[in-house]
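Okay, structure first, notes after.
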Amino acid sequence: MTSVKLPDGSLKEFDKRVTVKDVAKSIGSRLAKDAVWGEIDLQPVELDFEIPAGEPVNLRIITKKDPTALETMRHSCAHVMARAVMRVKKDVQLAFGPAIDGGFYYDIESPEPLTEDDFPAIEKEMEKIIELDEPFERVVRPRVDAIQVCKDLNQEFKVEHIETGLVEDETLSFYQQGEFVDLCRGPHIPSPKRIGAFKLLSIAGAYWKGDQTKQQLQRLYATAFFTQKDLDAHLEMLEESKKRDHRVLGKRLGLFHIDEMVGQGLILWTPKGAFIRQKLQEFISEHLTRQGYDQVFTPHIGKLDLYKTSGHFPYYQDSQYPALVDRDQLSKLADEGCTCGQLANMMKDGEIEGYLLKPMNCPHHIKVFSSEQRSYRDLPIRLAEFGTVYRWEQSGEIGGLTRVRGFTQDDAHLFVTQEQLQEELIGCIELVKIVFAAMGMEDYSVRVGLRDSDSSKYVGDPENWDLAENACREAAATLGKPFSEDPGEAAFYGPKIDFVVNDCLGRKWQLGTVQVDYNLPGRFGLEYIGADNKPHVPIMIHRAPFGSMERFIGVLIEHFGGCFPLWLNPEQGRILTVSDKSEEYGRSVENQMRAAGLRIKADYRSEKLGAKIRDGQLDLVPYMMIVGPRDAENGTVSVRDRAKGDLGAMPVEEAIAKFQQEVEQKI
RNA sequence: GCCGGCGUAGCUCAGUUGGCAGAGCAGCUGUUUUGUAAACAGCAGGUCGUGGGUUCAAGUCCCUCCGCCGGCUCCA
């Protein structure tokens, strides 16, 4: 008698010896067809494995549709890679080697560092190991033995991990494949032959246990698929993605420039990029008006006192540009031989004043709020500004438009009563939804950032934090979309709802954000007079639907692959003359279209039409209007769509109407 | 900030063991008069990121700094 226990807890019994495949068949023909391997008591087995008779065994049938199948295979491939590395290099220490989106990695420490030149040798070793076809055997050992095993293997990271990370576990599992033994939870594939195709990708630094204060290891990135075809498709997809990179397109299309002499992370918006940014600001402004916001302007600097009150200085000093010192005081201090360190201390202690390049707009907006006496009848007050801020991001973090040192937030601060909070939060979320919908960006995730109970970086009393965190949860729930809750992701003054998207390389970026703040108003002593004729402290909402113009446009360039919709495109159409003979007609069409409010350029060079079309396509111009003798005669233009190709000849008026409609509909 | 890789013409890149700095595209000047993804010819264009060192000789080897790329850490 053979009996198996399935993951749902049900028991199946057979009066003869059966294989894993037989069990799958007995459950359903579909399952039997999709099954790739089985797992008995966490040990991977092939489909033709005969299940031992007697006591019931825990059986899990893995199907090719199961996302964990690929994950399991990749993790097994990580073992094979680590084994190969240990054959190529001496005294290698292993850390962690998990599967990740798109592949897997293994963190290792080698006295003789690995370089990409070692890849061919490692890949060759991996092929040999796969060819040997040794199974991954699960071995379970009691805690004390496990530590000794790792010590005997000279695997210090594994010893440390058992002693500090796996303190609860009484027994620990290892997987052995030939001479290679690795502490590992599993599961694994039944045979290394299941690794269809793999490729080492890159090598990078990574801190042990993700801790900056700990040792830095080498992280070996690789990927694996069940078939060579899937791997090739994946690699090709990566290549294609690189062409969408906003840094590549930004250069090719002339959208922005970053100049070494200006400074890292400081964006120069060239005319075409500036135009897009301007259009987006107009788009937001329109919605600000509809939602009852007032726009303000505030300066780029403010006194240190402002940021001492807000709490930004000196606690966030490391992520700010150094403060500017009052010039009279500076020369006096210089005469006295004051050192930089002393200067910094004097600013911290308030002995001397200075100015800070603003790292945020909120303190300025708070001062706009408090510039007048406020009544509950005035609330909510919604102050908006495209406010430019400067932050001293670490040099290694800066890149393109997505992580910069100077950026403009489509910022606003709402001052509300407790009763208004929920509705206003929902209004803010609504605006973020409008923005994403208008751009056709449906692929975003929502994250509610909460405080981390272990950290001391937060200001304000816990009761208010609880109120604010609940308000965020409830507002996020109105999205009708799943959201995650992330402790430690809150701002120092309050929790937040973030909207996160992926870039072309799969990296995550926070764009829109809505934050609840019970703290800053109190720090600044803000108040309004309530219906009870008594002063009350307002609650603040910080929000930015784009996040920052820079990051948003960076992501937007990749989202559209440079093919901006007509309403957003700096160049909506280009007139292409078939030959010099049509220039005069071309100019008249150009003028007519310009007069209709369209952004038109023209190519009157004496090149062949094919060459002009090629240039237009490479510039991703939405519409090309080809004009030749035939068109001049009929008063038409031959319209070419950058995506659909030749649309045929149409009267100039018709083309204008078509474009205007498209602009109107923002498609 | 840390680990690793890379900086050659406006752009994309080549440059052998150290031995006179190259190509394609773009640009300019001509010729060509073209109907849906590259006409032809000529010309011009470089302190080989910066500063130092080794050498008879450095784009090439070594060091410093700056910047870029991948990743880690960070991101009020």
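We name chains A, B, ... by the order of the sequence lines, and we start the count at 1 in each one.
At a cut-off of 3.5 angstrom, the base of B:G71 holds no donor-acceptor pair with the side chain of A:Tyr207. A donor N or O paired with an acceptor N or O is found under 3.5 Å between the base of B:C74 and the side-chain atoms of A:Arg403. A:Gln216 contributes a side-chain N or O that forms a donor-acceptor pair with the base of B:C2 under 3.5 Å.
With a 3.5 Å ceiling on both atom-pair distances, the Watson-Crick or G-U wobble partner of B:G7 is B:C66. When both pairing distances are held under 3.5 Å, B:G35 makes no Watson-Crick or G-U pair with any nucleotide shown. In this structure, B:A21 forms no base pair with any nucleotide, since neither Watson-Crick nor G-U wobble geometry is met with both distances under 3.5 Å. Both distances falling under 3.5 Å, in either a Watson-Crick or a G-U wobble arrangement, occur for no nucleotide opposite B:A14. When Watson-Crick and G-U wobble pairs are counted only if both distances are under 3.5 Å, B:A41 pairs with B:U29.
Note on ring orientation: taking the six-membered ring where Trp is involved, the planes of A:Tyr493 and A:His542 are parallel (angle under 30°, cut-offs 30° and 60°). Between A:Phe157 and A:Trp208, the ring-plane angle classifies as tilted under the 30° and 60° cut-offs.
Summarising the local packing, CD of A:Gln264 is surrounded by more than 12 heavy atoms from other residues, nucleotides or ligands at distances under 6.0 Å. Surrounding CG of A:Asp259 are more than 12 heavy atoms belonging to other residues, nucleotides or ligands, all under 6.0 Å away. Atom NZ of A:Lys89 sits in a crowded spot, with more than 12 heavy atoms from other residues, nucleotides or ligands closer than 6.0 Å. Residue-environment remark: NZ (A:Lys608) stays at or below the threshold of 12 foreign heavy atoms within 6.0 Å.
Atom C1' of nucleotide B:A26 and atom CG of A:Asp619 are separated by 12 Å, given to the nearest angstrom. As rounded to whole Å, 13 Å separates atom P of B:C75 from atom CG of A:Asp486. In this structure, A:Lys496 places its NZ atom 5 Å from P of B:A76, rounding to the nearest Å. Rounding to whole angstrom units, OH of residue A:Tyr307 and P of B:A76 are separated by 16 Å. Atom CG of A:Asp411 is separated from atom C1' of B:A76 by 12 Å (rounded to the nearest Å). Between A:Asp107 atom CG and B:C72 atom C1' there is a gap of 9 Å when expressed in whole angstrom units. Distance CG (A:Leu238) to P (B:G70): 13 Å, rounded to an integer number of Å. The separation between A:Asp259 atom CG and B:G10 atom P is 14 Å, rounded to whole Å.
Looking at heavy-atom distances under 4.0 Å, A:Tyr493 makes contact with sugar-phosphate atoms alone, never a base. Base contact: A:Ser319 has a heavy atom under 4.0 Å from a base atom. Residue A:Tyr221 is in sugar-phosphate contact alone, with no base atom involved, counting any heavy-atom pair closer than 4.0 Å across all strands shown. Within 4.0 Å (heavy atoms only), A:Leu505 reaches sugar-phosphate atoms of the nucleic acid but no base atom.
Cation-pi check for A:Arg74 over A:Phe104 is not met; the charged atom does not lie both under 6.0 angstrom from the ring centroid and within 45 degrees of its normal.
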Distances under 3.5 Å between nitrogen or oxygen atoms of protein and nucleotides 27-38 of chain B:
{"unit_1": "B:U32", "atom_1": "O4", "unit_2": "A:Ser606", "atom_2": "OG", "d": "2.8"}
{"unit_1": "B:U33", "atom_1": "O2'", "unit_2": "A:Lys581", "atom_2": "NZ", "d": "2.8"}
{"unit_1": "B:U33", "atom_1": "O2", "unit_2": "A:Asp580", "atom_2": "N", "d": "2.9"}
{"unit_1": "B:U33", "atom_1": "N3", "unit_2": "A:Asp580", "atom_2": "OD2", "d": "2.6"}
{"unit_1": "B:U33", "atom_1": "O4", "unit_2": "A:Asp580", "atom_2": "OD2", "d": "2.5"}
{"unit_1": "B:U34", "atom_1": "OP2", "unit_2": "A:Lys581", "atom_2": "NZ", "d": "3.1"}
{"unit_1": "B:U34", "atom_1": "O2'", "unit_2": "A:Val578", "atom_2": "O", "d": "3.4"}
{"unit_1": "B:U34", "atom_1": "O4", "unit_2": "A:Ser606", "atom_2": "O", "d": "2.5"}
{"unit_1": "B:G35", "atom_1": "O6", "unit_2": "A:Pro629", "atom_2": "N", "d": "2.9"}
{"unit_1": "B:G35", "atom_1": "O6", "unit_2": "A:Arg630", "atom_2": "N", "d": "2.6"}
{"unit_1": "B:G35", "atom_1": "N1", "unit_2": "A:Asp631", "atom_2": "OD2", "d": "2.8"}
{"unit_1": "B:G35", "atom_1": "N2", "unit_2": "A:Asp631", "atom_2": "OD2", "d": "2.9"}
{"unit_1": "B:G35", "atom_1": "N2", "unit_2": "A:Ser638", "atom_2": "OG", "d": "2.5"}
{"unit_1": "B:U36", "atom_1": "O2'", "unit_2": "A:Arg640", "atom_2": "NH1", "d": "3.4"}
{"unit_1": "B:U36", "atom_1": "O2", "unit_2": "A:Arg640", "atom_2": "NH1", "d": "3.1"}
{"unit_1": "B:A37", "atom_1": "N7", "unit_2": "A:Arg640", "atom_2": "NH2", "d": "3.4"}
{"unit_1": "B:A37", "atom_1": "N6", "unit_2": "A:Gln617", "atom_2": "NE2", "d": "3.2"}
{"unit_1": "B:A38", "atom_1": "N7", "unit_2": "A:Arg614", "atom_2": "NE", "d": "3.1"}
{"unit_1": "B:A38", "atom_1": "N7", "unit_2": "A:Arg614", "atom_2": "NH2", "d": "3.2"}
{"unit_1": "B:A38", "atom_1": "N6", "unit_2": "A:Arg614", "atom_2": "NH2", "d": "2.5"}
{"unit_1": "B:A38", "atom_1": "N1", "unit_2": "A:Arg614", "atom_2": "NH1", "d": "3.2"}
{"unit_1": "B:A38", "atom_1": "N3", "unit_2": "A:Arg614", "atom_2": "NH1", "d": "3.4"}

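Screening A:Trp465, A:Tyr315, A:Tyr316, A:Tyr458 for a ring pair (Phe, Tyr, Trp, His ring centres under 6.0 Å) involving A:Phe492 leaves a single residue, A:Tyr316.
Nucleotides B:G5 and B:C61, compared at atom P, are 13 Å apart to the nearest Å. Nucleotides B:A44 and B:C56 place their P atoms 37 Å apart, quoted to the nearest Å. Spacing between B:G15 and B:G22 at atom P, rounded to whole Å, works out to 15 Å. Taking atom C1' on both B:C48 and B:G7, the two are 10 Å apart, rounded to the nearest angstrom. B:G19 and B:A58: their C1' atoms are spaced 10 Å apart (whole Å). A distance of about 12 Å separates the C1' atoms of B:C62 and B:U55, rounded to the whole Å. Between the P atoms of B:A21 and B:C63, the separation comes to 25 Å (whole Å). Remark: the separation of the C1' atoms in B:C40 and B:G46 is 27 Å, to the nearest Å.
Remark on RNA chain B: of its neighbouring residues A:Ser395 and A:Pro113, the 5'-side contact belongs to A:Ser395, judged by nearest-heavy-atom nucleotide. Where A:Leu114 and A:Gly265 meet RNA chain B, the nucleotide closest to each residue was compared, and A:Leu114 sits on the side nearer the 5' end.
Nearest nucleotide to the side chain of A:Arg247, out of B:C66, B:G70, B:C72: B:G70. Candidate nucleotides B:C2, B:G70, B:G4 were compared by shortest atom distance to the side chain of A:Arg507, and B:G70 ranks first. Residue A:Pro359 has its side chain nearest to B:A76 when only B:G70, B:A76, B:C66 are considered.
For the residue pair A:Glu584/A:Ser582, the side-chain donor-acceptor check at 3.5 Å is not satisfied.
Look at A:Phe492 and the base of B:A76; the rings do not stack under the cut-offs of 5.5 Å between centres and 30° between planes.
The main-chain N or O of A:Thr577 is found under 3.5 Å from a side-chain atom of A:Lys612 such that the two form a donor-acceptor pair.
Under 4.0 angstrom from either OP1 or OP2 of B:C2 there lies no side-chain N or O belonging to A:Gln394. Residue A:Gln264 has a polar side-chain atom (N or O) positioned under 4.0 Å from OP1 or OP2 of B:C68.
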